[in-house]
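Quick notes on the structure that follows.
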Amino acid sequence: MRPLLSVQGVAKRYGAHIGCADVSFDLYPGEVMGIVGESGSGKSTLLNCMAGHLAPDAGQVVFDTRAEGPKDTVTMSEPERRMLSRTDWAFVHQHARDGLRMGVSAGGNVGERLMAVGARHYGEIRGKATDWLERVEIDAARIDDRPTTFSGGMQQRLQIARNLVTGPRLVFMDEPTGGLDVSVQARLLDLLRGLVRDMGLSAIIVTHDLAVVRLLADRLMVMKSGRVVEAGLTDQVLDDPQHAYSQLLVSSVLQV
Amino acid sequence: MTDQAYNFAYLDEQTKRMIRRAILKGLAIPGYQVPFASREMPMPYGWGTGGVQVSAAVLTPDDTLKVIDQGADDTTNAVSIRTFFERTAGVKTTTRTTDASVIQTRHRIPEEPLTDNQILVYQVPIPEPLRFLEPRESETRKMHSLEEYGLMHVKLYEDISRHGHIATSYAYPVKIEGRYVMDPSPIPKFDNPKLGDMAAIQLFGAGREQRIYALPPYTQVVSLDFEDHPFEASKADHPCGLCDATDSYLDEVIIDDTGGRMFVCSDTDYCAARQAAGFKGKDAA
């Protein structure tokens, strides 16, 4: 099987400071990869390099495109990369308001990606938006309300609907449950797990919450100071951490 | 008579040269916003400084100038700009559309079809059609260069979801020759169909925003819409109260405090010409 995303030797520096260095891994179709580590360990830098928001200083990010097969997204032209990021890729921000248009209704938010790839039939766009609001458990009657009137959990679910409406194959998630209370988190995780399984999505999830990766991720990478210190199957890394930092991370979780 | 303290049409020759280069570039790439070094003009921004600079750059001593403001020749903006060019360029001025070779307009296209020896100059407040959706200039430029216009339809989608129909009634976005999305300046959408396939050259000047764009003659202009909510050029459903015209864009005028109102042509020259030809509306004296 060919990997959907193949990352080789990605590095990003901020002056003398290392953002992330020498990161390599393969992600296969349908697989969910978790990236954990403390604040400042380079998780978000790495994610942004992979999603094309930052240009890495070195390395390749090869994506298996539908039309032309594996292609390095770092060196591909900007129109191509932006096309990918509104069709085959999705990016879920930690703060829903970074990923939503707060002045546009929920339906418009979900429909934007459809219109960006050429949908020009109002009825169909609205039908799809309604369908997706229901799939993320938002009452379809709220389709014309602005996200400013939504709760934090609803905003996050709306952001997910807006991203998944074009049927992407790879989802980047940056702390998708950050800032939500635990019961809302649990519901969101449940929803995400269902969507990932149903749609056969591949995903890369950056988080500092080990419970999130335990539930969602098949494989796990632990980052510290911009480097990957340990990688493996999620349960293996969490139950039998080998690196001193992974051990510290796992033992830091409060048991209630 | 020209005030000798000024160069012909107020601007110095190097400035006019710079503006003409921007105009030529705009004509070569229809709908593309060409940045230009907009000058301070002796009038406030918002009064047509962009249009005035474009007019100054295209005027020749043999030209006949007409200036309209919302279709009318006799409102403050029109009168002051007309006087400005009478004093600084000494060109002939007229209020008759057919006699003019250069027409500077604020927010209307004359009803009389224009010909291939006329130039129509628009005053533009905000040249960027995507501005109220995306505030970053760096981002809107990228969207234009990559033809990412999905956001424009989000605006129309919002209109329909809120009002049941496309409620945008002026500055209605258009697509030029299948490429650039352009703000036609705040003309009513009734005028949008006249933008395309026009014999005259159309120039757009935005002074404060420092942009010039243009439509060469006979350019394809398509108003954006949805398949199930097509574009409609709308106007008040009345005949003109003075000249009885049913095909012209109308202004609603409140005439007393008991709900009385009348509808009159916004194009004063068109209305006057029809009245002179004997047409008479129900409110005509």
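Residue numbers begin at 1 in each chain, while the letters A, B, ... track the order of the sequences. No hydrogens, no waters, no symmetry mates; every other heavy atom, side chains included, goes into these values.
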**Complete:** In this structure, CD of A:Glu112 is separated from CG of B:Leu133 (nearest 0.5 Å) by 9.0 Å
**Fill in**
Heaviest contributor of heavy-atom pairs below 4.5 Å to chain B, chosen from A:Arg113, A:Met83, A:Arg86, is A:Arg86
**Message:** Between A:Ile143 and chain B, with a heavy-atom cut-off of 4.5 Å, which part of the residue counts as in contact: side chain, backbone, both or neither?
**Reply:** side chain
**Message:** Around atom NZ of B:Lys235, are there more than 12 heavy atoms from other residues, nucleotides or ligands closer than 6.0 Å?
**Reply:** yes
**Request:** Apply the test side chain to side chain contact (heavy atoms under 4.5 Å, CB included) to residues B:Phe226 and A:Met115: give CA-CA distance (whole Å), side-chain angles for both, the deciding distance (0.1 Å), then the verdict.
**Result:** CA-CA 10 Å; B:Phe226 284 102; A:Met115 292 182 247; 3.9 Å; yes
**Message:** If you count every heavy atom of other residues, nucleotides or ligands that lies below 6.0 Å from B:Glu139 atom CD, does the total exceed 12?
**Reply:** yes
**Asked** Just wondering, are more than 12 heavy atoms of other shown residues or ligands nearer than 6.0 Å to CG in B:Asp237?
**Response** no
**Message:** I need the contact set between residues 179-212 of chain B and chain A: heavy-atom distance under 4.5 Å, sorted by residue number.
**Reply:** none
**Request:** Begin from the C-alpha positions of B:Glu147 and A:Arg82 and carry the test salt bridge (charged side-chain N to carboxylate O under 4.0 Å, His left out) through to its verdict.
**Result:** CA-CA 11 Å; B:Glu147 271 187 88; A:Arg82 284 173 72 113; over 6 Å; no
**Message:** Please check if the number of heavy atoms outside B:Arg21 that lie under 6.0 Å from its CZ is greater than 12.
**Reply:** no
**Asked** Run the side chain to side chain contact (heavy atoms under 4.5 Å, CB included) check on B:Lys142 and A:Glu78 step by step: do they pass?
**Response** CA-CA 10 Å; B:Lys142 196 167 277 176; A:Glu78 191 171 13; 3.3 Å; yes
**Prompt:** In residues 154-170 of chain B, which residues are in contact with chain A at a heavy-atom separation under 4.5 Å?
**Reply:** B:Val154, B:Tyr157, B:Glu158, B:Ile160, B:Ser161, B:Arg162
**Prompt:** Do B:Asp228 side-chain atoms and A:His121 backbone N/O form a donor-acceptor pair below 3.5 Å?
**Reply:** no
**Prompt:** Which one, A:Ala119, A:Gly118, A:Gly111, A:Gly107, leads in non-hydrogen pairs under 4.5 Å with chain B?
**Reply:** A:Gly107
**Request:** Under 4.5 Å heavy-atom distance to chain A, tell me which part of B:His229 shows up: side chain, backbone, both or neither.
**Result:** side chain
